[in-house]
Each structure stands twice: as structure tokens, then as C-alpha cells.
Amino acid sequence: MAVPQHITLIVDGEEHQVTAGTTGTELFADQRDVVVIRVNDELKDLDTELVEDGARVDPVAIGSPEGLNVLRHSAAHVMAQAVQQLRPDAKLGIGPYVTDGFYFDFDVEDPFTPEDLKKLEKMMLKIVNSNQQFRRRVVTGDKARAEMADEPYKLELLGLKGESAEAELDAELDGAEGASVEVGAGELTIYDNVDRKSGDVVWEDLCRGPHLPNTKIISNAYALTRSAAAYWRGDEKNKQLQRIYGTAWPTKDDLKAYQERIAEAERRDHRRIGAELDLFSFPEELGSGLPVFHPKGGIVRKAMEDYSRQRHADAGYEFVYTPHITKSRLYEVSGHLDWYRDGMFPPMHVDEVTDDDGNVVKPGQDYYLKPMNCPMHCLIFESRGRSYRELPMRMFEFGSVYRYEKSGVIHGLTRVRGMTQDDAHIFCTRDQMKQELSTTLDFVLGLLRDYGLEDFYLELSTKNPDKYVGSDEIWDEATNTLAEVAQASGLELVPDPGGAAFYGPKISVQARDAIGRTWQMSTMQLDFNTPARFELEYQSDDGSRQQPVMIHRALFGSVERFLAVLTEHYAGAFPAWLAPVQVVGIPVAEAFNDYMYDIVDKLRAAGIRAEVDISTDRFPKKIRNASKDKVPFVLIAGGEDSDAGAVSFRFRDGSQQNAVPVDDAVGRIVEAVANRER
RNA sequence: GCCUCCUUAGCUCAGUCGGUAGAGCGUCUCACUCGUAAUGAGAAGGUCACCAGUUCGAUUCUGGUAGGAGGCUCCA
């Protein structure tokens, strides 16, 4: 019976004969960075006994994406153990890994304080240093329920698993934001944390795993970053649990690099730079999410808009203007009041006439601030009969819209209540739509590149089965057309099921910025429904009346948001063509002020935004000020320069070029602006 | 909208265990006239977000409102 049976494993690509029951720990004993193994595409604990003949076994290093996930998941367990030491009443929610870290949700009487987080970090260090083992144990449903009797949320997850078919459950749990980490497909498992010395089980959690072999690997390259509330299973109808976020890395240097990355993102925060460079502000008097642009920010914005207008004109767009408010009927026809009433500012009720007794003699009317421009563009289309010869008709507007965003979501310029969309609607025939989408995508990407974004991928948002209008055939046709255009672009295409607006599917362009973050930028939506609702039509070449197709598209999304993205992308150091001040002239001493002014006058005559710093600051201080303002070109002139009819450059990176003849310097700056050099 | 935290000079922040406040930067004045990231001295500047309550007395304690931060939910 106990005869050792030999099996063949394909270990890291090579065949090996081993005794059945050999563990990953034994196989990879000399590879210290291996923390889990992959057996036939499935991640397993390192101490898994291997019994299947012919199985593929691959080592997973701690630094690999999967290894990092396991590290962070295990760190979440250690944190939960510490939390239950500090707060024995804490009930466990879920605790998955996320990008760069992990979190764990707890139901506790009192929320965690920053002091608690410090205490918990120390308690975690104790656990980490005591080198507990993570030990996996398969349990039956009854056994799991018995052991988790004091953990109501775990029982709820077990209940879900019991009730529904496996596949369904996994889908549901995945939807519930990481819950599948707790009770995955297949068998139920509990992980015991076993004390090294005593062998006692000090903590346990219902968990799918896998985990690190022991807590020591977590080392002390972890940190608890913040606490916040989160709805249980991601549903705002449920109770809010207290969530603690943390991060964990293979080494202290990795942790430091991560923290430096976070600090860099903070330094680039457009709200901070916007204040430092005097670009915009959010006066409390106006209300939340309603920005004003100061003169410097106004220049950046105007430069962005001017270039956009020029490009749109070149691309055959026509410019339209529409009002900010309208009677309610427009948004009844468009369907917005049905779908987005909560996201719109409440109506203004006007023109009601009552008699002396308060009876309504003449009913009033509701006016709404407009949340979208498209219905108004439809009205322009239908203002007279249209011929197929006019199509495609491309209407562009910097359209200001107002949305009643929930107070908790407003964020700088990226999520506001009043914004200006660079909105266009293209009305075309069905035959034209594919070509039109394809040229629009090229146009969009080209323009984004001109603003300095280079790295893109596409997302295809498809029908939300609970939130759409129109027939399935129309949705299929629209979706397929968008998919074909997206694929033809050669860019990576990520599906976004259910992400579409109610009136049609969309492609969105996601851009990566200078520090690798992605932002949703442009969107292109194909819409058969709005033209139908407005009963738009044109006369075709055969004399029949046809309905046009409508393409919604915005490049910036909103001018405000795009300015925020560019501010963070450039860390405030805008390319010269966008910079609020393009040139600051600094005379070495007052005696050279006039010489400097002559140069700056030449620049101004060439359309350059140039200033002379004639403040009483000393020379080095002026250099410092210009640096802090991130001015692209600093021009310096003293005796050496004026004698030679020259000027000296100081660039933003601190490098210099001296004794440049004045005309050359002017030409160079004019060229840099005209070519939108970075 | 929900949870936690925050709001003190133009900005960044100290501080007051309840007796109406400080620093640095910035601003202004004076002196300095200088070659690549901070010259020195002096001055002005605050209803301690707003509104109530408790108190002899509130910037401080309590409640509410507004605004902000980080999350959650949402994002046409």
C-alpha cells in the first residue's frame, strides 16, 4: 500500500521524475523567491502535494504579477489578524488584493483612527516576525459554517455559495468586488495561521487562497495607507463597513519606490498646480464643482480651444451655438428626463399666473439647465428640410452643460457640475457611418497626439441590458460597426460590457499619461435612437425620406477635465504653445531693462506671450521665480549679451545657451510655439 | 447621497487643557544693482468658514449649514 509511486512532472518546462506527493517547497527549495506554484494554470500553495502524473508545475516568483497578488492577499490576512487582536469585536468582510496593495473590510463599532493604523502596523510586524505558517484546510459547508459562526458576513458568503449554481455564484461574487477571493469555485477552504513555536492555530479565515508559505516573507515592506467606509458587497443599500487599505512589496526599496510614485502623483495634482500657477479656483460662493479660470488658466484654456477650433474647421466641422437652458419638452423627447433626471439640476418653474385666490390661471413651464448638447443639435438639423447632399453634417460646439453630480463625487476639474464639452454631432447616412467613424477616430487620435498624449488603448462599451432603448438589431449593427472600426485602428481593444449609454454603444479612447496612469479621454458614440426620437430625416437620392445616423463625439470630454489631465501629464510644465507665459526676460541688472524690453517687444510682435521681470528682486531670485512658474523660455541679457546684440537662453531643465543673436532667439521661440514643440 | 476626517493671515501650517492668536513664504516700504533656483531690515495683514446652543466668557465644547480631503456608490 505505502509503495512510493513515481510520477512525471513538467517542472518549469522540463520533465522530472519525482515521488508522488512531492511538494512545491521541495521542488523549488533552491529558489528562494518562489512563493507559490502554478499547477496546470491554477495557482496553488507552495506546499501543495503533487500527485497528478504529467502535470505542469511552474514556479511563481514573489516579484511576478501573480506573486505580488499573493503577497498582498496574505498581507491582508495578517492585517485582519491584527485588527481582531486590537478589536476583538471586529467582524470580517472581504480582504482581496488590488492594484499595488490590498484592503480588508471590517464591521466594527467605531471607525478606525489614524492612530489605530499605526498600532496595527506595529501589531502586523509582530505577526510577520513570528513567522506564522499559512496552512490550507478543505472543509465541508457544515464545518465551515460551524467555524465561522461568529462571522456573519462569511456566513452570508457561504449561504450564497450554497444557494446558487457555481458558475452563477462566481459571476456574482466577482461582481461583488473581490468577494470571490473568499469563497472561490470548487471546494471550500479555510486557511489557518499556525504559530511557528507552539504549533497553535492563532487565527483562521475562510479563504480560497493561495497564500505565501509564511508571514516572514511579508518582511516589513508593507504599510497601511488609509481607512474609509465601503458598502458591503459594493451595494449602497447594504451596511457600510470600515475598510483599511494597505500596500505590500517584496522589498523595502520597492515599497519606497511605490511611495515615491504616490508622492509624485500628489505633486502633479492639478488642484495643487492650479493654485500654485494661478490657473483656476473654486469659489465657495459659486457652489461645489463650479470652477472659475483665472487669467493664466484662461490663456491655457484659450490656447487649447483655439487649436481645437482650427483643427475642427480643417476637418470639415461647422460651428454652432446653443443656449444653456431649455423647456422640459426637449429632454422629454430625447429621453434624458426618463434616464438621467437625478443627474440634472431641478427645474426652474416660470411663467405661472395665479389669481388673487391663488388659483392657477395660466400654467407655468419647467426650464432645465442642459446636461447634454445633442438634442439642441438635433433641432438645428431639423430646422429645415435636409438633403443627402448635405451629409455628413458635422456640428461642433464648445457646449456648456450642467449636471447635478452627487456631492461626494465632485473632484477638482475632473468631476464638476458645470463644464464645457468639445462636443460634436455628425449626422450621416448609414452608408457613410463606418467611414465617418473611422476618419473621426483618426482625427481624435491625431489631435490628442498634438496635445502631447501618445499612448492609447480603446474600450468598447456595449449595451446595458437594464438600461437601453431601441431594437436589438440596431444595437448589434451599431456595436459591430464600432468594433470593426476599433479593430482597424490596430490599437488594443478592451471590452466594457454594459458600459454604454442608453441610446447607443461607444468607443472610448484611454490615454496613459507621463507617469503611467490612464485617463478616459475621447468618446465616440453611435446613435440610431435619438434621430428616431426627434423624427429626423433627409431626402435621399431616390427621393425617399430617410433617417440619418448620429455620431456623438467629444475629444477632451470636457475642456476642464482635459486641462486637468494635461496639467498632471506635464506636471504644470506646459509645452510652450500652451504655457500661460512663454518667455520671461530677466535683465542681469537694471541697466539692461531697456535692452530686454526691445527683445520682448520683438517677441510680442511675433505673437509670443513674453514678459520682462523688472521687479526689485535680485537676479538669482528672478531665475528662481521663473523656474517655479515653469516658464518654458527664460531669456537673460547683461553686458556681454548687449555688446554682441545677443541674448542667453535658460531652459526649463536648467541648461543654458549663451550669446544667441537676438533674431535667432526670436525665430527659435516662434518656431517652437508654431510647431507645438515639447 | 453614505462613512471618516478637515476648515486659523493671500498661500503652507503651528497654537489656544475655554480668557479673542504665531511662523515661513507672498505683499508693501527702505537700503542693495547683482550673470543662472531664495540680499538684508522694517511694516501691514486674521469676526480663527458660517449660524445657533452651553458658558461670566467660545477660535477652542455641542449641534446645524457651507466648502474641502480620502474612500464607497454613481459618472449620459
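Lettering follows sequence order; numbering is per chain, from 1.
Taking 3.5 Å as the limit, the base of C2(B) and the side chain of Gln240(A) contain a donor-acceptor pair of atoms between them. One donor-acceptor pair, N or O on each side, does fall under 3.5 Å between the base of U33(B) and the side chain of Glu590(A). One cannot find a donor-acceptor pair under 3.5 Å joining the base of G71(B) and the side-chain atoms of Tyr103(A). Arg272(A) contributes no side-chain N or O that forms a donor-acceptor pair with the base of C11(B) under 3.5 Å.
A salt bridge does not link Asp366(A) to Lys327(A): none of the charged side-chain nitrogens sits closer than 4.0 Å to a carboxylate oxygen. A salt bridge links Arg243(A) to Asp105(A): one of the charged nitrogens lies within less than 4.0 Å of a carboxylate oxygen. Using a 4.0 Å cut-off between charged nitrogen and carboxylate oxygen, Arg415(A) and Glu405(A) count as a salt-bridge pair.
Ser227(A) has no side-chain polar atom (N or O) that falls below the 4.0 Å cut-off from OP1 or OP2 of G70(B). Within the 4.0 Å cut-off from OP1 or OP2 of C72(B), at least one side-chain nitrogen or oxygen of Tyr245(A) is found. A close approach under 4.0 Å does occur between a side-chain nitrogen or oxygen of Arg271(A) and OP1 or OP2 of G70(B). OP1 or OP2 of G26(B) sits under 4.0 Å from a side-chain N or O of Lys621(A). Proximity of Arg226(A) to the phosphate of G71(B): a side-chain N or O atom is located under 4.0 Å from OP1 or OP2. Phosphate proximity of G68(B) to His411(A): absent, as no side-chain N or O sits under 4.0 Å from OP1 or OP2. For Lys467(A) and C75(B), the shortest distance from a side-chain N or O to OP1 or OP2 is below 4.0 Å. One finds a side-chain N or O of Arg650(A) lying less than 4.0 angstrom from the OP1 or OP2 phosphate oxygen of A37(B).
Among the nucleotides A76(B), A37(B), C72(B), the one closest to any side-chain atom of Val409(A) is C72(B). In this structure, the nucleotide among G71(B), U36(B), G68(B) sitting nearest to the side chain of Ser288(A) is G68(B). For Ser407(A), whose side chain is taken as the heavy atoms from C-beta onward, the closest listed nucleotide among G1(B), U39(B), A76(B) is G1(B). The listed nucleotides are A76(B), A37(B), U4(B); the one nearest the side chain of Tyr503(A) is A76(B). Closest contact between the side chain of Arg403(A) and the listed nucleotides C3(B), A38(B), A76(B) involves A76(B). The Met344(A) side chain lies nearest to A76(B) when the options are A37(B), G68(B), A76(B). Between G70(B), G68(B), G1(B), one nucleotide has an atom nearer to the side chain of Ala228(A) than all others, and that is G70(B). Set against U36(B), G67(B), G68(B), the side chain of Asn658(A) has U36(B) as its closest nucleotide. If you check U4(B), U36(B), C32(B) against the side chain of Pro111(A), the one that comes closest is U4(B).
A cation-pi arrangement is found for Arg417(A) relative to Tyr404(A), the charged atom lying closer than 6.0 Å to the ring centre and inside a 45° cone about the ring normal. Note that Arg271(A) lies outside the cation-pi zone of Phe280(A), set by a 6.0 Å cut-off to the ring centre and a 45° limit from the axis. Figure legend: Lys463(A) and Tyr468(A) shown as a cation-pi pair, the cationic atom lying under 6.0 angstrom from the six-membered ring centre and within 45 degrees of its axis.
For the residue pair Cys374(A) and His425(A), the shortest heavy atom distance occurs at CB-NE2, 3.0 Å.
Annotation for Arg329(A): atom CZ does not count as buried by contact number, only 12 or fewer foreign heavy atoms lying within 6.0 Å. Glu260(A) CD: more than 12 foreign heavy atoms inside a 6.0 Å radius.
When heavy atoms are screened at a 4.0 angstrom cut-off, Gly639(A) is found touching base atoms of the nucleic acid. The residue Glu276(A) sits apart from the nucleic acid: no heavy atom pair falls under 4.0 Å. Across all strands shown, Asn625(A) has no heavy atoms under 4.0 Å from either base or sugar-phosphate atoms. In this structure, Ala229(A) reaches the bases: a heavy-atom distance under 4.0 Å links it to at least one base atom across the strands shown. At the heavy-atom level, Thr113(A) lies nowhere under 4.0 Å from the strands shown.
Taking atom C1' on both nucleotides, U16(B) is separated from U33(B) by 45 Å, rounded to a whole Å. For the C1' atoms, the distance linking A43(B) with U7(B) amounts to 29 Å, nearest Å. Separation of the C1' atoms belonging to C74(B) and U47(B) is 39 Å when rounded to the nearest angstrom. Only the C1' atoms considered, G45(B) is 11 Å distant from G26(B), to the nearest whole Å. Comparing A41(B) with A23(B), their P atoms are spaced 14 Å from each other, to the whole Å. Spacing of P atoms, G46(B) relative to C34(B), comes out at 38 Å, to the nearest Å. C6(B) and C25(B): their P atoms are spaced 29 Å apart (whole Å). For the P atom pair drawn from C11(B) and U27(B), the interatomic distance equals 14 Å after rounding to whole Å.
Here the P atom of nucleotide U12(B) and the CD atom of Glu266(A) are 14 Å apart, to the nearest Å. One atom, NZ of Lys118(A), and another, P of C5(B), lie 15 Å apart when rounded to the nearest Å. If you measure from atom CG of Asp653(A) to atom C1' of U36(B), you get 12 Å, rounded to the nearest angstrom. Atom pair Glu284(A):CD and C51(B):C1' shows a separation of 14 Å (rounding to whole Å applied).
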* Assess whether ring pair (Phe, Tyr, Trp, His ring centres under 6.0 Å) is satisfied between Tyr368(A) and Tyr331(A), documenting all intermediate values. => CA-CA 9 Å; Tyr368(A) 283 90; Tyr331(A) 290 110; 7.2 Å; no

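Side-chain contact, Thr462(A) with Lys506(A): no donor N or O sits under 3.5 Å from an acceptor N or O.
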* Asked: Based on Watson-Crick and G-U pairs with both distances under 3.5 Å, what dot-bracket line describes RNA chain B 5' to 3', crossing pairs as [ ] and inter-strand pairs as |?
  -> (((((((..((((.....[..)))).(((((.......))))).....(((((..]....))))))))))))....

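The residue among Arg652(A) and Gln525(A) whose nearest nucleotide of RNA chain B is located toward the 5' end is Arg652(A). In terms of position on RNA chain B, the residue among Lys406(A) and Asp641(A) whose nearest nucleotide sits closer to the 5' end is Asp641(A).
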